[in-house]
Protein chains: 2
Amino acid sequence: MTSIKDLAQHLGVSIGTVSRALNDKFDVKPATRERVLKAAAELGYVPNQAGRSLRQGNTGLVGFVLETSSEGMMQGDLFFIRVFDGMQSVLSEYGLHLMVMMSPSSEKSDEYLQKIVGRRLADALVLSSTRRIDPRVNLLADQNIPFVMLGRSQTDRGQPWLDLDFEGMVTDAIERLHARGHRRIALAVPRQELNLRYVMLDTYRTQIERHGLAFDENLVIETAPGDNGGVALAHHIMEMEDRPSAVIFSDPIHPFGLYRGLTEMGLVPGKDLAILGIATRLATVLNPNLTHYRVRLFDLGRRVAQALIHRLPHLNTENPPPVIRERVPFTLVEGDSDLPLE
Amino acid sequence: MTSIKDLAQHLGVSIGTVSRALNDKFDVKPATRERVLKAAAELGYVPNQAGRSLRQGNTGLVGFVLETSSEGMMQGDLFFIRVFDGMQSVLSEYGLHLMVMMSPSSEKSDEYLQKIVGRRLADALVLSSTRRIDPRVNLLADQNIPFVMLGRSQTDRGQPWLDLDFEGMVTDAIERLHARGHRRIALAVPRQELNLRYVMLDTYRTQIERHGLAFDENLVIETAPGDNGGVALAHHIMEMEDRPSAVIFSDPIHPFGLYRGLTEMGLVPGKDLAILGIATRLATVLNPNLTHYRVRLFDLGRRVAQALIHRLPHLNTENPPPVIRERVPFTLVEGDSDLPLE
DNA sequence: GGCCTCACCGTAAACGTTTACGAAAACATG
DNA sequence: CATGTTTTCGTAAACGTTTACGGTGAGGCC
């Protein structure tokens with residue numbers, strides 16, 4: 001593997017000159033720069049990242065912290081690859097690379113994160129599975145590690161975040177269902193720790209009451225992620241006394257489980273229970289067609305990367321750097337799973 | 001950020017001693033080792049990866065080269081996260097981390113790969129989307145970069161690979177369909193360059209003839225990946241003269257498209273066309289139930305990581321290192337999409 | 001005490017970069 | 001020609017590790 005020293009020797013100049021030539025510094029004669037670049041191309045020189053990192057204190061890597069907690073199918077299974085793709089498309093413009101880190105979930109995740117940042121494995125991080133109280137935020141903020149959250153948290157250190165517009169989704173869904181005659185609307189929420197649970201719950205309560213309906217906590221149902229969660233949800237709802245006529249959810253896998261659960265019970269999705277929530281294009285195979293909210297994951301990834309770039313001191317031009325805090329909106333895809341209540 | 005030098009200063013010993021203590025070398029007094037470890041824990045010392053990499057010539061990172069070519073839904077969307085998870089579970093035991101690299105597809109991918117290996121970003125790589133003639137194999141083999149292929153290629157440099165047992169899948173599927181009276185069986189294959197196309201095609205031809213059937217190249221249908229591909233496939237088949245009664249596929253998204261396409265035409269999956277191929281647990285939502293072949297992705301990831309570990313000189317104990325070349329078998333999940341032909 | 005053997009530890013070099021600094025060369029100006 | 005200015009380049013230090021090597025002191029043996 002050819003190093004900068006090899007180049008220097010080969011050309012009869014000093015390593016300093018070679019480095020300056022390669023990095024487009026000003027104080028090098030155009031002629032010698034040419035020679036250096038030519039030789040570099042011929043010998044297939046590529047700068048060693050470790051050397052560079054050590055000297056300049058940054059690695060060129062961006063870490064995406066992924067928690068794969070549950071056993072079954074995860075929400076992320078359908079989401080993340082697309083987001084990664086979008087992120088990388090931006091990062092590439094800055095010579096950065098995406099590193100996906102598989103973090104242990106919840107209790108051990110702080111410890112894991114500490115090790116990661118200590119070793120200086122990445123210049124910046126993206127946090128997902130954000131919790132309502134999220135110690136990771138303090139951990140990173142205290143050490144001045146640039147990061148962006150994909151999701152929100154009540155632990156606020158002024159960090160940037162990107163999130164899907166769950167408020168908008170729930171608001172629109174309730175509006176829509178209400179207009180179609182539904183009066184008892186269930187809401188599927190994720191487990192306690194996750195911030196998303198409260199975002200959905202608060203919006204739900206506000207909107208339910210805005211429409212003059214009574215808030216009933218029995219209609220807020222904690223649901224496990226994945227298709228199993230959806231199946232269980234279907235059974236739970238159908239066994240309720242004073243049964244709701246519609247359900248709203250945020251996990252794109254849930255509708256698959258809901259459809260399966262209902263079918264198992266001999267019921268018809270959209271007719272015996274209106275179903276409305278977030279999904280991906282894969283949902284188009286459901287029959288009857290699922291009315292759902294969709295988001296452009298690739299673009300989301302791009303936006304996350306841009307927010308991250310702003311946090312990197314050596315790349316950011318604006319001063320002070322802008323703190324991006326955005327909810328990216330869903331678009332509605334109409335189907336037949338939320339027909340008017342007859 | 002505390003470095004080894006800080007530790008040394010704080011304890012009044014030399015940096016050499018500190019390093020040896022931390023790395024469990026033999027020539028350091030137990031008492032001082034204790035002191036060093038205690039101080040390290042107190043000051044929150046974590047070794048800087050760049051320094052270590054530079055010195056020892058390895059980065060502690062394993063790269064997974066992911067090509068995200070197509071626009072629509074990809075096969076990988078349902079696959080990879082699980083595989084990553086399995087890989088990381090093994091890599092963690094060795095202090096390694098997984099880095100997912102988003103490679104541009106096909107023509108630019110060699111160039112990209114060259115840059116990656118030159119910068120010494122990763123100690124070892126996993127290649128996916130393996131092509132029949134795959135220049136990346138030579139590129140890596142020439143430079144002695146350890147790598148494992150997830151998939152196979154005819155470009156053979158003695159590298160290890162892991163692949164799904166597509167031969168077994170196609171063989172079993174034909175056997176099964178034949179036993180149920182099907183005589184004209186279509187096969188969906190991916191695009192030209194990919195090695196998988198030929199694996200499937202060869203097995204198909206052999207098995208078809210073994211059952212005394214005539215090989216008809218019209219029954220081998222190149223199909224775009226994703227749900228769109230599945231829809232198109234359904235239409236294509238149903239518009240054929242001398243129409244097949246069954247179809248075999250390898251993309252886990254295809255059945256979703258097939259079901260949708262058939263439904264659009266007013267046909268019933270499993271009845272008007274037998275459907276049999278690879279899928280994930282998400283397929284359980286299809287109605288009628290999809291008969292399909294499944295694989296434990298997490299375990300596949302673990303196996304890939306193990307194969308990779310064997311290639312790392314500083315970790316491998318056995319000499320010479322074993323070259324893993326395995327096809328991991330599918331298990332059949334019976335459903336109602338391949339009913340006997342009446 | 002002289003000598004050898006250990007156990008333990010400090011010194012310094014090396015990995016491949018970037019960059020502050022100063023030196024040399026080239027050129028212009030008086 | 002002397003001096004000043006600018007352009008170009010070489011030198012060397014620094015980033016944080018690991019490790020080969022040599023040195024110091026303690027202890028054992030005669």
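Per chain, numbering begins at 1; letters A, B, ... match sequence-line order. Owing to the predicted nature of the structure, the values given are computational and were not obtained by experimental measurement.
Summarising the geometry, the separation between CZ on A:R120 and C1' on D:dG16 is reported as 12 Å, rounded to the nearest angstrom. Taking atom CG on B:D6 and atom P on D:dG16, their separation rounds to 8 Å, with Å as the unit. Rounding to whole angstrom units, CD of residue B:Q56 and C1' of C:dA14 are separated by 13 Å. The separation between B:I15 atom CD1 and D:dG16 atom P is 11 Å, rounded to whole Å. In this entry the distance linking CZ of B:R33 with C1' of C:dA7 reads 13 Å, nearest Å. The distance from atom NZ of B:K29 to atom C1' of D:dT24 is 13 Å, rounded to the nearest whole Å. Atom CD1 of B:I4 is separated from atom C1' of C:dA14 by 15 Å (rounded to the nearest Å). In this entry the distance linking OH of B:Y45 with P of D:dG16 reads 10 Å, nearest Å.
For the pair A:S129 and A:D134, the tightest heavy-atom approach, listed with the atom from each and the gap, is O-OD2, 4.3 Å. Residues B:R82 and B:L297 share a closest heavy-atom pair of CB-CB, 3.6 Å.
Within 4.0 Å (heavy atoms only), A:S3 reaches sugar-phosphate atoms of the nucleic acid but no base atom. Across all strands shown, A:F26 has no heavy atoms under 4.0 Å from either base or sugar-phosphate atoms. Contacts of B:V46 with the nucleic acid, taken as non-hydrogen atoms under 4.0 Å apart, involve only primed sugar atoms and P, OP1 or OP2.
Side-chain nitrogen and oxygen atoms of B:T17 include none within less than 4.0 Å of the OP1 or OP2 phosphate oxygen of C:dC9. Under 4.0 angstrom from either OP1 or OP2 of C:dC15 there lies at least one side-chain N or O belonging to A:K5. Distances shorter than 4.0 Å separate some side-chain N or O of A:R52 from OP1 or OP2 on C:dT18. Using a 4.0 Å cut-off, some side-chain N or O of B:T32 falls inside it from OP1 or OP2 of C:dC9. Between A:N48 and C:dC15 there is no side-chain N or O to OP1 or OP2 distance below 4.0 Å. Between A:K25 and C:dT18, a side-chain N or O to OP1/OP2 separation shorter than 4.0 Å is absent. The phosphate of D:dT18 has OP1 or OP2 within less than 4.0 Å of a side-chain N or O from B:S19.
In this structure the side chain of B:R52 never reaches within 4.5 angstrom of the side chain of B:T59, judged on heavy atoms.
Heavy-atom nearest nucleotides on DNA chain C were determined for A:M1 and for B:V13, and the one closer to the 5' end corresponds to B:V13. When each of B:V28 and A:G16 is assigned the nucleotide of DNA chain C with its nearest heavy atom, B:V28 is the one assigned upstream, toward the 5' end.
Remark: A:M87 CE to A:H97 NE2 distance equals 13.0 Å, nearest 0.5 Å. Here CD of A:E193 is found 11.5 Å from CD1 of A:I133. Values are rounded to the nearest 0.5 Å.
With hydrogens and angles left out, the side chain of A:R55 and the base of C:dT17 share no donor-acceptor pair within 3.5 Å. Side-chain N/O atoms of A:R20 and base N/O atoms of D:dG10 include a donor-acceptor pair closer than 3.5 Å.
Closest contact between the side chain of B:L54 and the listed nucleotides D:dT11, C:dC9, D:dG16 involves D:dG16.
For B:F298, the CZ atom is densely surrounded, since the number of other residues' heavy atoms within 6.0 Å is greater than 12.
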